[in-house]
S.K.: 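Dumping the structure here so I can ask a few things about it.
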Amino acid sequence: MTQKEIVPMDAIRVRFAPSPTGSLHIGGARTALFNWLYARKTGGVFVLRLEDTDTERFIAAAAEGIFSTLRWLALGWDEGPDKGGPFGPYAQSERKPLYTAEAQRLLEAGSAFRCYCTPDELAQHREEVRKRGEVARYSGRCRHLTEDERRAKEEQGIRPALRIAAPAEGTTVVTDLVRGEVSFDNRASFDDYIIMKSNGMPTYNFACVVDDHTMGITDVIRAEEHLSNTPKQIIVYHALGYPLPRFAHVPMILAPDRSKLSKRHGATAVEEFREQGYLPEAILNYLALLGWSPGDEREVMGIEEIVSMFSLDSVSKHAAIYDVKKLTWINAQYLSNLPIERVVETVLPFFQARNLVSDQPATQEMEYAIRVIDAVRSRIHTLVELADASAYFFSADFSYDEKGVRKHFTKEGVAQVLTRGREALARVEPFTLEETEKAYREVIGGMEISGGALIHPTRLALSGRTVGPGLFDIIVILGKEKCLARLDRAIAFVNACKA
RNA sequence: GGCCCCAUGGUCAAGUGGACUAAGACACCGGCCUUUCACGCCGGUAACCCGGGUUCGAAUCCCGGUGGGGUCACCA
């Protein structure tokens with residue numbers, strides 16, 4: 001390897017730039033993930049920037065919500081609004097002077113002009129043009145205003161917006177890391193669009209360019225919905241004399257009905273998945289597989305493994321429909337294979353919300369919870385299911401499954417069978433898996449009944465359910481005292497039914 | 001409607017001119033294991049959008065349709 005080859009190229013800098021108008025949805029999370037993966041893979045820097053130039057749609061709590069969701073996903077950033085960095089501030093609302101100055105440069109160079117049309121006028125114009133079946137584009141009426149005309153407008157108190165003087169012919173080519181070269185017909189693709197609103201705030205296509213350049217962003221990785229914005233932005237790059245970054249437009253994530261993701265599609269916010277008991281590891285793993293593949297048969301992969309395999313040129317070009325079923329399967333894989341401590345840690349809040357475990361559990365209480373979790377975790381898919389399937393270990397306050405009652409508590413002689421089981425368990429010492437099972441097998445043999453004839457009613461008596469971990473696991477975890485009490489209760493229940 | 005992108009089973013996907021009688025995963029269906037449900041294991045159903053080219057040969061390259069998606073705001 002020559003000296004030249006080992007000199008690092010300029011560090012990669014990527015950014016995720018959410019708008020604080022709502023919560024982080026899975027599409028945004030996937031974009032953040034790809035940026036993060038690319039930064040980790042290349043040893044680059046991951047920047048978080050807040051695109052909060054829309055004062056109308058701004059939601060005060062949204063930014064903090066997005067930050068905390070990203071943190072929960074463990075997609076940490078190197079520079080951002082909360083922690084600063086050498087290219088701050090990282091919220092667009094705090095960068096107004098920059099946009100104003102750059103817009104001024106454009107104005108002076110004749111690459112931008114003031115527009116005094118009101119939103120109403122523009123909307124009306126669009127309407128008329130569309131009625132005629134023509135393409136609605138800005139008329140250009142303010143592009144060549146004389147000094148006098150402009151002064152007259154100013155005197156009327158009209159605050160102008162700023163428009164870019166865009167080329168009306170030729171083509172603009174976007175070189176994209178995932179799509180190759182995409183060329184746009186300038187005339188048909190955009191017009192003299194607004195770069196500064198009359199309230200002094202920049203619009204997206206302007207602020208984005210100024211920030212990406214001034215923040216030293218080398219690779220703009222974003223969703224495909226921005227592909228058709230890119231030629232417009234390139235116009236600004238050229239007008240301002242900025243060099244172009246590399247662009248990579250990753251495929252969109254669509255709802256199961258093939259439409260763009262929105263609230264009406266059920267859970268789409270990462271927070272909702274969190275509440276439903278999905279692990280961040282599983283969500284990240286699933287999202288990585290949406291639009292990207294390691295190229296072989298691997299599916300369940302830790303984040304480090306994903307980082308090591310990740311590459312933008314193995315990102316697919318077509319949109320992906322997200323499938324909760326597969327996410328759920330991956331989640332189940334993590335729940336049954338992750339170190340038990342990790343599962344315990346994540347499920348604890350779900351247990352506490354159901355008052356299964358106290359807020360400050362003592363060592364003994366935790367040890368019990370761990371045994372329960374370990375017994376249950378391989379047969380559930382989410383933390384919510386895990387908590388539900390564990391409830392009877394913590395509380396005897398449950399009713400019997402109806403079908404189970406019909407099937408196992410109505411048979412002739414059940415009370416007798418349960419009583420014999422109870423007596424056997426009462427005598428077992430030590431109360432271990434082997435000994436309890438041995439005792440039960442003896443009852444089964446002695447009564448000349450099938451194993452199920454004792455086992456099924458006992459399961460129902462102890463848990464209220466017909467499904468769950470192995471019966472003797474349940475018995476041993478619960479302990480002798482609780483088992484006897486629950487069997488007594490069940491025997492009484494069966495007798496009461498008969499009467 | 002203009003512009004742009006995309007197109008392998010229901011879904012995610014491998015595939016970059018011959019190894020394709022098209023991998024793997026989820027889901028679904030069967031079987032095994034088991035005291036139950038899961039897990040696990042074994043097996044099955046199911047796809048190259050259509051039409052033209054190019055080529056000895058096309059899922060793969062080209063063109064045209066069709067379909068889906070995105071975008072056309074003083075939203076981002």
Side-chain angles (χ1 to χ4, degrees), chain A residues 17-21 51-54 56-57 92 115 117-119 122-123 126 130 133-137 159-163 174 176 178-179 182-191 193-205 207-208 222-232 249 251-252 254 256 258-260 286 289-300 314 316-330 332-333 336 376-381 389 404 408 437 440 444 450-456 458-460 465-472:
Chain A
S19 168
T21 54
E51 309 228 319
D52 55 350
T53 54
D54 187 349
E56 308 268 307
R57 297 203 306 158
Q92 293 186 328
C115 174
C117 302
T118 66
L122 293 168
R126 262 198 303 273
R130 227 188 291 261
E134 291 168 27
V135 178
R137 50 190 348 268
R159 309 278 347 142
L162 245 53
R163 287 180 185 273
V174 176
D176 190 281
V178 348
R179 280 152 220 287
V182 182
S183 64
F184 291 82
D185 177 57
N186 290 347
R187 179 165 188 83
S189 300
F190 45 78
D191 57 5
Y193 65 93
I194 290 174
I195 56 172
M196 293 289 278
K197 309 174 198 176
S198 53
N199 69 4
M201 282 299 228
T203 57
Y204 168 73
N205 283 312
C208 181
R222 63 200 355 172
E224 197 202 325
E225 59 187 317
H226 292 296
L227 183 55
S228 32
N229 280 320
T230 308
K232 300 183 200 176
H249 288 92
M252 307 208 32
L254 267 25
R258 304 204 128 277
S259 69
K260 202 173 169 179
Y286 176 68
L289 257 20
L290 227 42
W292 173 80
S293 149
D296 56 28
E297 295 174 8
R298 275 177 281 182
E299 299 276 347
V300 179
S314 48
S316 65
K317 296 182 174 69
H318 58 274
I321 294 171
Y322 88 98
D323 177 18
V324 191
K325 292 247 186 69
K326 185 152 181 178
L327 204 210
T328 302
W329 174 78
I330 290 179
Q333 292 294 311
S336 43
V376 173
R377 65 162 164 166
S378 75
R379 52 202 87 219
I380 44 77
H381 300 95
H408 305 302
E437 174 153 13
Y440 249 46
I444 290 162
S450 69
L454 173 58
I455 285 167
H456 294 311
T458 302
R459 172 189 300 285
L460 189 60
R465 306 183 183 211
T466 58
V467 302
L471 179 66
F472 303 102

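Protein chains get the first letters and strands the later ones, always in sequence-line order, with residue 1 at the start of each.
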S.K.: Need one value for Leu471(A): base, sugar-phosphate or nothing, where a base atom within 4.0 Å counts as base even if backbone is also close, heavy atoms only.
M.R.: base
S.K.: Do the side chain of Asn229(A) and the base of A76(B) come within less than 3.5 angstrom through a donor-acceptor pair of N or O atoms?
M.R.: yes
S.K.: Is a donor-acceptor pair below 3.5 Å formed from side chain Ser228(A) to base C72(B), judging by atom type as modelled?
M.R.: no
S.K.: Rounded off to whole Å, could you give me the CG-to-P distance for the Asp296(A) and A23(B) pair?
M.R.: 17 Å
S.K.: With RNA chain B as reference, determine whether Lys317(A) or His381(A) sits nearer its 5' end, using the nearest nucleotide of each.
M.R.: Lys317(A)
S.K.: Without decimals, in angstroms, what is the distance between Asp54(A) CG and A76(B) P?
M.R.: 5 Å
S.K.: Assign Thr328(A) to base, sugar-phosphate, or nothing according to its heavy-atom contacts below 4.0 angstrom with the strands shown.
M.R.: nothing
S.K.: Answer with base, sugar-phosphate or nothing: what part of the nucleic acid does Gly468(A) contact at a heavy-atom distance below 4.0 Å?
M.R.: base
S.K.: N/O contacts under 3.5 Å, protein versus nucleotides 8-11 of chain B?
M.R.:
| from | atom 1 | to | atom 2 | distance (Å) |
| --- | --- | --- | --- | --- |
| U11(B) | O2' | Ile321(A) | O | 3.4 |

S.K.: In plain terms, say whether Asp323(A) and Lys326(A) are close enough for a salt bridge, that is, a side-chain N and a carboxylate O under 4.0 Å apart.
M.R.: no
S.K.: Is it the case that the side chains of Ser19(A) and Tyr204(A) hold a donor-acceptor pair, with the cut-off being a distance below 3.5 Å and no angle test?
M.R.: no
S.K.: Would you mind reading off the distance between Met196(A) atom CE and A76(B) atom P, rounded to a whole angstrom?
M.R.: 12 Å
S.K.: So that I can tick it off, tell me whether Asp296(A) and Arg298(A) are bridged by a salt bridge, with the cut-off set at under 4.0 angstrom between side-chain N and carboxylate O.
M.R.: yes
S.K.: What I want to check is whether an N or O donor and acceptor connect the side chain of Glu299(A) with the base of G24(B) at under 3.5 Å.
M.R.: yes
S.K.: Nearest-Å distance, CG (Leu290(A)) to P (A14(B))?
M.R.: 12 Å
S.K.: Please report the distance, rounded to the nearest Å, between CZ in Arg179(A) and C1' in A7(B).
M.R.: 12 Å
S.K.: Using the closest heavy atom to pick a nucleotide of RNA chain B for each, name whichever of Lys325(A) or Lys260(A) lands nearer the 5' end.
M.R.: Lys325(A)
S.K.: Round to the nearest Å and state the distance from Leu227(A) atom CG to G69(B) atom P.
M.R.: 17 Å
S.K.: Answer with yes or no whether Arg57(A) presents, from its side chain, a donor or acceptor under 3.5 Å of a partner atom in the base of C75(B).
M.R.: yes
S.K.: Within the 4.0 Å heavy-atom criterion, would you say Ser336(A) contacts the bases, only the backbone, or no part of the nucleic acid?
M.R.: nothing
S.K.: With a cut-off of less than 4.0 Å, is there a side-chain N or O of Ser316(A) near OP1 or OP2 of A13(B)?
M.R.: yes
